[in-house]
Q: 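Just passing along the structure, written as C-alpha cells.
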Amino acid sequence: MQLEKYLNPEQQHAAETLNGPVLILAGAGSGKTRTLTYRIANLIEHGVNPWNILAITFTNKAAGEMRSRVDDIVGYDAGSIWVATFHATCVRILRRFGDRIGYDNSFSIYDADDQKTLMRNLCKEHGIDTKKLKEKTILNVISSNKDELISPEEYDRMVGSDPVEKKIAEMYHAYQDAMKKSNAMDFDDLIVNTVKLFKNFPDVLQTYQNRFVYIHVDEYQDTNTAQFELVRLLAERNRNLCVVGDDDQSIYKFRGANIHNILDFEKNYPEAEVIKLEQNYRSTQNILDAANAVIANNKGRKEKSLWTNQGEGHKVHFRLLSNQKEEAEYIAQDISRLVRHHEARFKDCAILYRTNAQSRELEESFLMDNLSYQIVGGVNFYSRKEIKDCLAYLKTIANGQDDLMVKRIINVPKRGIGPTSVEKAQSYAANNDLSLFDAMAHAERIPGIGKAADKMLAFAEMIERLRARIADDFYDDLPEILNDVLEESGYLEDLRVSDDDEDKDRINNLDELITKAAVYEEKFAAENPESETGPTLSDFLNEVSLVADIDNVSEDQDRVLLMTIHAAKGLEFKHVYIAGMEEGLFPNDNVIFAGDDELEEERRLAYVGFTRAKEELTLTATAYRMMRGQGTCNPVSQFVREIPKKYIEGNLPQLYNPDSAFSDTESDYNRSWNRRGMADSDGGEIRSVYGNRPRPKAARPNKDIDPDQKPFAAVKSIADLKKGSAISEAGVDYGVGDRVRHIKFGEGVVTEMEQREGSTYVTVEFEKSGRRVLSAAFARLTKL
DNA sequence: GGTTGGAAACTTTTT
DNA sequence: GTTTCCAACC
C-alpha cells in the first residue's frame, strides 16, 4: 500500500508502527480517523486477519464511519473487524459469558430514568427521605465508584463515620442486589462486570486476548479507570495497543474520564512509541490561532502546536446581541443569507451551545423563518413515555425477572391492578423468592389479593403467549412482534380512542419505533450476511439501549444541526456558530467558582467547539438573558476575551468599550469594565455571576434593552409554530400523490405530509401493510 | 383507585 | 418559564 500517497510523514509513521504500544497524540482536525483507518488497512495488508482486529470508538456513528472507510480501502473482508463502542463491546461479551458472573444472557439494560425509578423505590424501602438525600446524589456516588472500579464492599471500608456516606454505602449494596435480582445492568455495570468477568475467569479473558491481537482505542482521553482496566487486560498479552487522543479535547471528566490515562500512557507502557499529529487539515489559520490562544491558558497539558496551510481565512466573528431572541434571529438570518447567496448549504452549518436549554429560542427562530434544521440530543426519542412503555413490554417478554419493567406496564393501559395489589404481589414474591412476574403468574396463591388475581393472571398469560410465539419462531420479523405487543396489550387501542392530541403523536412515535425496528433488521442482515436468522428481540433491545442521538444524524439530509458542544465532538462544519458566549453560561456558573480544574475542562470544551469550524466561526453572546425564569446580565465569556484582537472582529467595542479598540488582554478588558462603573446594583432582580457583588450598571447596553419587559411574550409556543410551518425538509424528493417504496412495508402512495418537531412526517397508504405515518428522516422512502 | 391542583425543582455536559 | 411530583379529594 502506498501510504505516502494518502498520509503525511507523521500519519504514515503511525500507520506503519504496527507492533507494540503506540500513543497517537492527534490534535483537532489532524486526520486522526484517516490515520487509524489506514493503519487498520495496513495491518490487513500485512496479513493480519481482520478477525483479530479490535477498534473501540466513542459513538456508534464513529464506529460506522470507521467500518465503512476501512471497507472502502481494503474493499472486502472488513466486516469481521470488531468495531464498536465500549458499551456495545461489553454487551456482546456479557451476552455470551454473563452466566459466569451470575447473569442470564437476556439481561436488561437500565437507562438513567430506570435507575432513578429503582433508586426511588429502594429509598422508600430503606426509609430514606429523598428530599434530604436525593436519588440522583446517591446514584452519582455509585456511578463514580463504578468508574473507579470500587465495589460496594470496598466502599464500605472507605467511608468514615459520616452518616450520609454510610447511608449511601448501604444503598450501593441495596442497588446492586436489586439490579442482580432483576437481571439488569446499568451503563457502568456493563464495563465493571466485563472487567470482573475477565479477572475472575482467565479462560474467558484468554479467549478475547487470542481474538484481539491488535487493539485500537479512539478518544482515549475520555476513558475512565474501568475502561482503562478493560483495555489493559485485553492488551496484556500481545501488547499491540494503539490509542489515539488529544488531552486538549478531554471533556468528560464529570463522567469519570481520567485524563491521566492519556497523560501517563508512557509510564504504563514504557516501550510505547509516541507520535504527534500537529498538522491541521480542517480549519483556516485565524480559527486555529484563536483556538490555540485560548487553550494555551490551560496548565498541565501536553505541549503541542497545531498548524495549517489552509490560508488565513476569515477572522472569528463576534456578535453581542440584546437577548436570546435577537441572538437566535441573528444566527438564523446569517445562515439564511449564506444559503441564499449559495455560499453554503444548510448541512454545512451547525449551531453549538453549552446547555440543551438554549436550543429553544434557536428552534423558534428556525421555525419562524422556515429553515430546515435538526436538534441533536435534548429529549431523547427513547425517553418518551410511550416508547419506554413499549420497550418495557418487550423487556418483560425478554427478561421475566425485571420487576421494574413489570411494574411500569402492569396497569398501562388500565387493567384495574392498583398499587395496593402490586404491593401484595410484591411481598408475596419477596417471601417466596420469586420475581414479581412469576408471582403474578400464580396470582391465585397471593394472600388477600381478591379479584385482582384474575386480572394479574390475564396479564401474565398475555405475556407468556407473546413469549411463546417468539420462542417458537412464529414470528419472522421484529416489526410484527412490536405490532402484536401493542395490539394485544391494548396499548394502541387506548391511544386510538383518546381525544387528546398528544395521544395522536404518541401513535406516530410508536409507528416510528416500528420503522426503526424494520431499519434495524435490514442493517442486521447487511452486517451479518452469513446469519440465517434475523436479529433476536434481545439484539434489538441492546441496540436501542445503546444508541445516542448523534448516531441518528445522517449526511443525506440538508439541514442545520443544533446541538451541545459535547455532542459535536468529532464532527466538523464549514460554518459554526456558538451561542451564549457569556460568563455564567459558558463557562458555566457551577464551574467558575468550583476551581481551576473545572474551569480548564470548560476551556477545553471551548477549544473543541472552536475547532469544529472549517471556514467560518461565529461567536455570539447576549447582554440580557432569561435563565430559569430569571433575568441575568453577564459579561462576555472569558473564552472570547482570551482570543487576541488580531484574530477576531465584531461589535464588542461599540457596546462594551466605546472609548478604545477591542481589548487586547484580560487586564485591559477588566480596566475598561471598571471604568464603566462598578456602581450600585439595581435591587437584585437581576442575577449575575458576581453574586452579591456590585455589578456594572452601564454594562447593560442602554439601547433596545428593557430587562423589565418580557421579550418573549408575543412568541407563540413551539407546538403552534410547528403546526403552522410549511414542509421544508430537503432531501425529500417525493410529495403527496407520489408512489414510494419502503424497505419493509413495500409500495404505496403518499397521502399526506406534515412538519412536526423539526421533522417531516409522511403518511403512506401501503398496498400490503395499510396506512402508516412515518418519519421522512428515518423511513428512507424511495420515489418510484 | 383515579383525578386534580399546587408546590418544588430544574439547567451542565452523556455512553 | 416549564415540567414533575405528591397530597388531598372525589
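All chains are named by letter (A, B, ...) in the order of the sequence lines, taking the proteins before the strands, and each is independently numbered beginning at 1.
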Q: From NZ of A:K325 over to C1' of C:dG1, roughly how many Å is that when rounded to an integer?
A: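 So the two atoms are 16 Å apart, to the nearest Å.
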Q: Mind checking A:N411 for me? I need base, sugar-phosphate or nothing, with any heavy atom below 4.0 Å counting as a touch.
A: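 A:N411: backbone/sugar contact only, no base atoms under 4.0 Å.
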Q: Could you check how far NZ of A:K385 sits from C1' of C:dT3, rounded to whole Å?
A: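 Between C1' of C:dT3 and NZ of A:K385: 16 Å.
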Q: Do you know which of A:D186, A:D188, A:N193 makes side-chain hydrogen bond (donor to acceptor under 3.5 Å, both in side chains) with A:K146?
A: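 By the side-chain hydrogen bond (donor to acceptor under 3.5 Å, both in side chains) criterion, A:K146 pairs with just one of A:D186, A:D188, A:N193: A:D186.
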Q: Between B:dT11 and C:dC6, how far is it from one C1' atom to the other, in whole Å?
A: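 Looking at atom C1' only, B:dT11 and C:dC6 are 23 Å apart.
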Q: Please give, in whole Å, the distance from C:dT3 P to A:R384 CZ?
A: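 These atoms are roughly 13 Å apart.
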Q: Would you call the rings of A:F254 and A:H566 parallel, tilted or perpendicular if under 30° counts as parallel and over 60° as perpendicular?
A: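 Answer is perpendicular, since the angle exceeds 60°.
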Q: Measure up the A:Y520 and A:F540 rings against each other and bin them: parallel (under 30°), tilted (30 to 60°), perpendicular (over 60°).
A: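 If you compare the ring of A:Y520 with that of A:F540, the planes turn out tilted.
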Q: So is A:R95 actually on top of A:F107's ring, under 6.0 Å and inside 45° of the axis?
A: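 Yes, a cation-pi geometry.
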Q: On a whole-Å scale, what distance lies between the C1' atoms belonging to C:dC5 and B:dT12?
A: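 My reading of the C1' atoms in C:dC5 and B:dT12 gives 23 Å.
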Q: Could I get a table of every N or O pair under 3.5 Å where one atom is in the protein and the other is in nucleotides 8-15 of chain B?
A:
residue, atom, partner, partner atom, Å
B:dT12, OP2, A:N590, OD1, 3.4
B:dT12, OP2, A:N590, ND2, 2.6
B:dT12, O2, A:R354, NH1, 2.8
B:dT12, O2, A:R354, NH2, 2.3
B:dT13, OP1, A:N356, N, 3.1
B:dT13, OP1, A:N356, ND2, 3.2
B:dT13, O4', A:R354, NH2, 3.4
B:dT13, O2, A:R354, NH2, 2.8
B:dT13, O2, A:H566, NE2, 3.4
B:dT14, OP1, A:T564, OG1, 3.0
B:dT14, O4', A:R255, NH1, 3.4
B:dT15, O2, A:H87, NE2, 2.8

Q: Using a heavy-atom cut-off of under 4.0 Å over every strand shown, decide if A:S421 touches base, sugar-phosphate, or nothing.
A: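 The residue A:S421 makes sugar-phosphate contact but no base contact.
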Q: Would you please indicate yes or no on a ring centroid separation below 6.0 angstrom for A:F58 and A:Y252?
A: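 Yes, the ring centres sit under 6.0 Å apart.
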Q: Fit a plane to each ring of A:F187 and A:H87, take the angle between them on a 0 to 90° scale, and name the class: parallel (under 30°), tilted (30 to 60°) or perpendicular (over 60°).
A: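 Ring orientation, 0 to 90° scale: perpendicular.
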Q: For A:R604, report the nucleic acid contact type (base, sugar-phosphate, nothing); a contact means any heavy atom under 4.0 Å.
A: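 Nothing, no heavy atom under 4.0 Å.
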